[in-house]
There are 2 protein chains.
Amino acid sequence: MPKPNKKEFNRESLLNQGVVLFMNQGYHGTGLQEILDAVNVPKGSFYNYFSSKEEFGAAVIQHYIEPFISRLSLHLQQSGSDALGAIRRYFDELIVELEENKFKGGCLLGSLMGEIGSTSDVCQQSLQSAIARYRDLLQSGLAQAQQQGSVRTDKTPEEMADLLINTWQGALLRMQIEKSSAPIKQCCHDLLNDFFIR
Amino acid sequence: MPKPNKKEFNRESLLNQGVVLFMNQGYHGTGLQEILDAVNVPKGSFYNYFSSKEEFGAAVIQHYIEPFISRLSLHLQQSGSDALGAIRRYFDELIVELEENKFKGGCLLGSLMGEIGSTSDVCQQSLQSAIARYRDLLQSGLAQAQQQGSVRTDKTPEEMADLLINTWQGALLRMQIEKSSAPIKQCCHDLLNDFFIR
DNA sequence: TTAAGAAATACGACCGGTCGTTTTTAATTA
DNA sequence: TAATTAAAAACGACCGGTCGTATTTCTTAA
């Protein structure tokens, strides 16, 4: 019989809900009770899944970044000779989704970097590794684009990947308080259609 | 005799401490008690100065941005025919100070945008106006630089000011978790010494 | 100038609630 | 029955905010 594996299901549900609530209300602004209620897991059971809120937060961060890496990775391997186009299409997809969400909550990584990046070592390390993985992928895409001749070669792929990530993060913050997608659109335009090509 | 004006002094002390603690621990991560203890103001007195924690947060935001506007403004009016140089020197100053602080706490605006930008209307508006004032000043500086021939003219000063602010914010977040000034240095270099000049 | 009255501020105790976590009990499995 | 896991109950600490009251400051009138 297919074991329901309720434990793994609950764990996943908690992580999913953690992403949503941490993104909308922040880490300290979200109580465990709120997360547990949303997925119908008793409070006493939480510590069967995670050893503390802090460790849970670190796990939420890793859980959050996974889909983004998968999607960007897919875009890159699909469009063989147009890596820059793949990156453009990937961010365009994100913009569409952010507009659908009415600009509620930008990027969990950005929000948590500011809120607990300096106070929680565990979460800081998780943020570091999440961003590093994301950056490495973006960097490899930009390196491809350089070889394909669509991106300037007088800057390293790493430098450009970092710049793109940082500007994107800042633009997401602006988007939230301006309630407009203009900042993120301009971010992509300025970098992907101007600065990175020469 | 010089009137002590204890009220105004206490109010200022609370705002100063609010900046420090909100920056290091976030809004929800900082209790009123902690702020009050640090400046020796009793709990019951807080609400003679501010009507709620939320309004206090909004006031802290305005209090925070003021020195930055003054400093940038001073740099701009001091260097008559080199507005771009003034902007460069202003950011270089910030970088030095951030390095001295060992990268603890980047920018209060960035942190609070992510944490409460979507949940507190009062603070969201305060963040909006603070950033708008800062952006307008930076924009006027870039416009000067354009007239002086040191900055490209095929982009509007507004667009460049927004890009610089957003990238700077993102770089500050990265700085915090990487514990390195490399992101903010690269931000200034990429924009002020490359993208903005042609 | 002074006395009296009104208003604002100072202050600590305390409110109901929620926080993250631990301990204890109940249920399940071996 | 013994061992393992789930969940309920309880824990102290702390949250933002309110209370009554004591003190100061400001306003007014004599």
Side-chain angles (χ1 to χ4, degrees), chain A residues 1-15 17-61 112 115-116 119-124 126, chain B residues 1-22 24-61 112 115-116 119-124 126:
Chain A
M1 70 160 205
K3 177 110 152 288
N5 208 346
K6 183 178 177 186
K7 173 155 186 176
E8 208 48 49
F9 174 77
N10 274 348
R11 214 188 115 96
E12 275 266 321
S13 301
L14 286 169
L15 289 173
Q17 196 62 30
V19 167
V20 172
L21 291 179
F22 283 165
M23 193 143 74
N24 289 334
Q25 313 177 153
Y27 178 82
H28 289 296
T30 304
L32 291 181
Q33 190 68 66
E34 197 175 352
I35 301 171
L36 292 159
D37 288 347
V39 297
N40 276 326
V41 169
K43 187 165 186 178
S45 299
F46 177 82
Y47 293 88
N48 296 330
Y49 300 104
F50 304 97
S51 62
S52 70
K53 187 188 183 183
E54 197 180 5
E55 298 260 10
F56 174 67
V60 167
I61 289 165
L112 292 190
E115 187 183 356
I116 54 174
T119 52
S120 163
D121 286 341
V122 178
C123 292
Q124 179 175 97
S126 186
Chain B
M1 80 170 209
K3 177 112 152 289
N5 206 345
K6 187 177 179 186
K7 169 154 186 179
E8 209 48 47
F9 174 78
N10 275 347
R11 213 188 117 95
E12 275 266 322
S13 301
L14 286 169
L15 288 174
N16 286 330
Q17 196 62 31
V19 166
V20 172
L21 292 179
F22 283 166
N24 288 335
Q25 313 178 146
Y27 177 84
H28 289 296
T30 304
L32 292 181
Q33 193 65 63
E34 195 175 354
I35 301 171
L36 292 160
D37 287 348
V39 297
N40 276 326
V41 169
K43 182 73 173 284
S45 299
F46 176 82
Y47 293 89
N48 294 329
Y49 302 106
F50 305 96
S51 61
S52 69
K53 186 187 184 185
E54 198 180 5
E55 299 259 11
F56 174 67
V60 167
I61 290 165
L112 292 190
E115 187 183 357
I116 54 175
T119 50
S120 162
D121 286 341
V122 177
C123 292
Q124 180 177 94
S126 186

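Here the structure is a predicted model, which is why all the values come from computation and not from measurement.
In the set D:dC15, C:dT21, C:dA10, the nucleotide with an atom closest to the side chain of B:Gln33 is D:dC15.
Comparing the axis of the opening five pairs of the helix from C:dT1-D:dA30 to C:dA30-D:dT1 with that of the closing five pairs yields an angle of 10°, rounded to 10°.
Contact annotation for B:Phe46: no contact, since no heavy-atom pair falls under 4.0 Å across all strands. Nucleic acid contact for A:Ser51: none, since no nucleic acid atom lies under 4.0 Å from a heavy atom of the residue.
In this structure, A:Leu32 atom CG and D:dC11 atom P are separated by 20 Å, rounded to whole Å. When the P atom of C:dA10 is taken as reference, atom CZ of B:Phe50 falls 12 Å away, rounded to whole Å. The separation between A:Asn48 atom CG and C:dT21 atom P is 14 Å, rounded to whole Å. Counting to the nearest Å, the C1' atom of D:dC14 and the NE2 atom of A:His28 are 13 Å from each other. Whole-Å rounding puts the B:Leu21 CG to D:dC15 P distance at 12 Å. The interatomic distance linking B:Leu14 (CG) with C:dA10 (C1') rounds to 13 Å, in whole Å. Rounded to whole Å, the distance from CD on A:Gln25 to P on C:dC19 is 10 Å. What separates CZ of B:Arg11 from C1' of C:dA8 is a distance of 15 Å, to the nearest Å.
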Side-chain donor/acceptor pairs under 3.5 Å, residues 29-37 of chain A, sequence neighbours excluded:
{"from": "A:Thr30", "atom 1": "OG1", "to": "A:Leu21", "atom 2": "O", "distance (Å)": "3.2"}
{"from": "A:Thr30", "atom 1": "OG1", "to": "A:Gln25", "atom 2": "NE2", "distance (Å)": "3.2"}
{"from": "A:Thr30", "atom 1": "OG1", "to": "A:Gly26", "atom 2": "O", "distance (Å)": "2.8"}
{"from": "A:Gln33", "atom 1": "NE2", "to": "A:Asp37", "atom 2": "OD1", "distance (Å)": "3.0"}
{"from": "A:Glu34", "atom 1": "OE1", "to": "A:Gln25", "atom 2": "NE2", "distance (Å)": "3.1"}
{"from": "A:Glu34", "atom 1": "OE2", "to": "A:Gln25", "atom 2": "NE2", "distance (Å)": "3.3"}

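Residues passing the ring-ring contact (aromatic ring centres under 6.0 Å, His included) test with A:Tyr27, sequence neighbours excluded: A:Phe22. B:Ser52 meets the side-chain contact (heavy atoms from CB on, under 4.5 Å) test with B:Glu54, B:Glu55; sequence neighbours excluded. With sequence neighbours left out, the side-chain contact (heavy atoms from CB on, under 4.5 Å) criterion links B:Thr119 to B:Ile116. Scored by the side-chain contact (heavy atoms from CB on, under 4.5 Å) test, B:Asn16 finds B:Glu12, B:His63 as partners (sequence neighbours excluded).
Heavy atoms only, all atoms of each residue included: A:Ala58 and A:Val122 are closest at CB-CG1, 3.7 Å. Heavy atoms only, all atoms of each residue included: B:Cys123 and B:Ser120 are closest at N-OG, 3.1 Å.
At the phosphate of C:dC11, neither OP1 nor OP2 sits under 4.0 Å from any side-chain N or O atom of B:Tyr47.
Heavy-atom distances under 4.0 Å link DNA chain C to A:Lys43 of residues 34-45 of chain A, given in residue order.
To the nearest 0.5 Å, atom CG of residue A:Asn48 and atom CZ of residue A:Arg11 are 12.0 Å apart.
Proximity of A:Tyr49 to A:Leu15: side-chain heavy atoms (C-beta onward) are nowhere separated by under 4.5 Å.
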